[in-house]
Amino acid sequence: MPEPSPRHEIAHLGYVELFTPEPEKSLDFFVRVLGLTENGTDGDSVYLRTWDDYEHHSLKLTATKTSGVGRTALRASSEDALKRRVVALEQRGLGVGWVDGGTGIGPSYLFRDPDGHEFELYWETERYDPPEHLRPALKNQAQAYPGRGVGVRRLDHVNYLARDAEANGRFVCDALGGRVTEQIRLDSGAISGQWTHFAQKSYDLVYTNDWTKSSGRLRHIAFAADTREDILRAADIALDNGVHIETGPHKHAIQQTFFLYVYEPGGNRIELCNPTARLIFAPDWEPVTWTEAERAKGQAWGLKTIESFHTHGTPPVD
């Protein structure tokens with residue numbers, strides 16, 4: 001029998017580990033300002049969840065000496081799909097090996113992308129069982145709406161910085177079955193950014209060339225809210241709480257996302273976004289390519305793009 005297509009063998013982004021040198025302040029930001037719910041601790045880490053992600057946690061916040069991204073978890077679409085993707089990873093020499101499942105997940109396979117970012121792939125998972133005071137009225141909702149802060153609904157995507165965005169995007173497609181939905185091609189012919197997805201959501205993992213030529217850094221993680229009005233309200237909430245607003249609210253041309261970028265107390269960039277219900281259903285979708293001249297125009301609309309939008313990443317580079 002022919003080898004099954006890798007398409008759809010990764011179901012979705014599971015959780016992201018974020019490093020912070022300001023653990024108490026960062027925890028306050030995610031709980032009180034963004035509206036996440038704490039769901040356990042493990043050593044120097046706190047598990048946090050958005051109100052409509054169905055698994056144990058959406059974010060693992062870990063106290064460290066510096067900022068940046070730790071492990072990113074991806075859930076496979078079945079146990080067999082997990083095994084097939086492990087073979088593909090090992091064939092490319094980027095596998096690390098099997099480990100016992102951490103909090104909320106079963107056995108997982110560790111690997112790295114070509115840039116060195118750490119990932120784990122798993123199938124078995126713990127669905128969130130809310131305590132009585134967080135039990136929703138509607139049984140098809142993971143948790144009662146917290147009514148606190150921005151109240152983000154779900155973890156949406158991760159944008160990594162990389163030495164070579166195209167090589168990492170190609171890895172996501174070839175080894176994990178992702179697909180490039182949009183990209184930026186410079187006048188030199190080089191690809192400076194690629195947006196990839198696994199299912200109908202228009203992007204899950206993004207790679208952007210790191211201007212410092214460093215490896216393993218983070219550009220931002222993003223949480224989705226229901227409406228554009230939530231993003232406007234988030235700007236007011238950030239202002240009231242002394243949170244640094246980097247840029248926005250504006251609308252991206254790429255992917256058409258309505259967004260606000262802020263820095264959490266540990267120094268990591270956080271995007272609050274409304275993807276405007278944009279989904280991709282075409283099985284033969286061709287990547288949309290933006291030219292250097294088109295990108296020079298900035299956002300779809302809003303204020304001029306500020307310099308730090310292109311230069312800020314974590315951990316910081318001297």
Side-chain angles (χ1 to χ4, degrees), residues 1-17 55 60 68-102 104-125 157-183 185 189-210 213-219 280 283-287 289:
M1 294 181 62
E3 179 72 17
S5 168
R7 288 285 295 132
H8 305 302
E9 294 214 322
I10 303 299
H12 60 79
L13 175 64
Y15 75 86
V16 179
E17 181 180 22
E55 296 181 279
K60 181 180 180 180
V69 64
R71 187 177 299 175
T72 301
L74 303 173
R75 191 180 185 208
S77 58
S78 69
E79 188 169 357
D80 287 341
L82 169 60
K83 294 176 181 177
R84 286 190 291 267
R85 289 312 94 215
V86 168
V87 170
L89 291 165
E90 291 180 337
Q91 288 173 343
R92 288 162 176 79
L94 291 170
V96 176
W98 288 96
V99 296
D100 292 335
I105 64 174
S108 63
Y109 187 79
L110 300 187
F111 66 96
R112 297 185 186 278
D113 65 17
D115 201 68
H117 300 96
E118 186 177 76
F119 288 79
E120 67 180 336
L121 192 57
Y122 66 98
W123 160 242
E124 296 177 15
T125 191
H157 66 268
V158 189
N159 188 322
Y160 306 97
L161 292 172
R163 285 178 177 267
D164 187 339
E166 186 175 18
N168 285 274
R170 186 165 55 247
F171 166 77
V172 169
C173 295
D174 294 345
L176 301 176
R179 185 170 57 168
V180 175
T181 56
E182 303 196 27
Q183 61 186 2
R185 186 180 299 277
I191 297 294
S192 66
Q194 283 193 324
W195 284 251
T196 68
H197 77 151
F198 296 114
Q200 273 62 56
K201 186 156 63 74
S202 57
Y203 57 119
D204 298 288
L205 305 180
V206 184
Y207 286 95
T208 307
N209 283 346
D210 192 330
K213 305 301 182 183
S214 303
S215 296
R217 296 209 303 154
L218 174 70
R219 192 173 190 280
I280 293 179
D284 54 354
W285 178 270
E286 292 293 330
T289 300

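- Residue W285 comes nearest to V180 through the heavy atom pair CD1-O, 3.9 Å, listed as atom of the first residue, atom of the second, then distance.
- Side-chain contact between L89 and V96 is absent, with no heavy atoms from C-beta onward closer than 4.5 Å.
- Annotation for Y122 and S108: closest pair CB-CB, 4.0 Å, computed over non-hydrogen atoms.
- Between the side chain of W195 and the backbone N or O of S202 there is no donor-acceptor pair closer than 3.5 Å.
- Using a 4.5 Å heavy-atom cutoff, the side chains of D174 and R92 are in contact.
- A donor-acceptor pair under 3.5 Å is formed between the side chain of R7 and the backbone N or O of G177.
- The side-chain heavy atoms of Y109 and E90, taken from C-beta on, include a pair separated by under 4.5 Å.
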Using distance only, find each side-chain donor-acceptor pair of residues 162-169 under 3.5 Å and give its atom names and separation, not counting sequence neighbours.
| from | atom 1 | to | atom 2 | distance (Å) |
| --- | --- | --- | --- | --- |
| R163 | NE | K213 | O | 3.2 |
| R163 | NE | S215 | OG | 2.8 |
| R163 | NH1 | K213 | O | 2.9 |
| R163 | NH2 | K213 | O | 2.9 |
| D164 | OD1 | E166 | N | 3.1 |
| D164 | OD1 | A167 | N | 3.1 |
| N168 | OD1 | D115 | N | 3.2 |
| N168 | ND2 | D164 | O | 2.8 |

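- The two atoms that bring A11 and A199 nearest to each other are O-CB, 4.2 Å, heavy atoms only.
- P6 is not listed as a side-chain neighbour of R84, based on a closest heavy-atom distance of 4.5 Å or more.
- The NE2 atom of H157 lies 10.0 Å from the CG atom of L205; values are rounded to the nearest 0.5 Å.
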- Task: Could you check W98 against V86 for side-chain contact (heavy atoms from CB on, under 4.5 Å), going step by step and ending with a plain yes or no?
- Result: CA-CA 9 Å; W98 288 96; V86 168; 3.7 Å; yes

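- Looking only at side-chain heavy atoms (C-beta outward), Q200 and I280 stay at 4.5 Å or farther from each other.
- The shortest side-chain heavy-atom distance between L13 and F198 does not fall under the 4.5 Å cut-off.
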- Item | Criterion side-chain contact (heavy atoms from CB on, under 4.5 Å) on I105 and E120, from CA distance to verdict | CA-CA 10 Å; I105 64 174; E120 67 180 336; 3.6 Å; yes

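- Checked against Y15 for a side-chain contact (heavy atoms from CB on, under 4.5 Å), the options E55, R75, R71 give a single hit: R71.
- If you take CG on L218 and CD on E17, they are separated by 12.0 Å, rounding to the nearest 0.5 Å.
- For the atom pair OG1 (T289) and CD (Q183), the distance works out to 3.5 Å, reported to the nearest 0.5 Å.
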- Query: Where do E9 and S77 land on the side chain to side chain donor-acceptor pair (under 3.5 Å) test, with the steps shown first?
  - Reply: CA-CA 5 Å; E9 294 214 322; S77 58; 5.6 Å; no

- May I have the step-by-step check of side chain to side chain donor-acceptor pair (under 3.5 Å) for Y160 and D113, ending in yes or no? CA-CA 11 Å; Y160 306 97; D113 65 17; over 6 Å; no

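- Taking CZ of R85 as the start and CG of L176 as the end, the distance is 7.5 Å to the nearest 0.5 Å.
- A distance of 6.5 Å separates CD of E79 from CD of E124, quoted to the nearest 0.5 Å.
- Taking the side chain as every heavy atom from C-beta outward, F119 and H117 approach each other to under 4.5 Å.
- To the nearest 0.5 Å, the span separating CZ on R112 from CG on L94 amounts to 10.0 Å.
- Within the 4.5 Å cutoff, the side chain of L161 has no heavy atoms near those of the S214 side chain.
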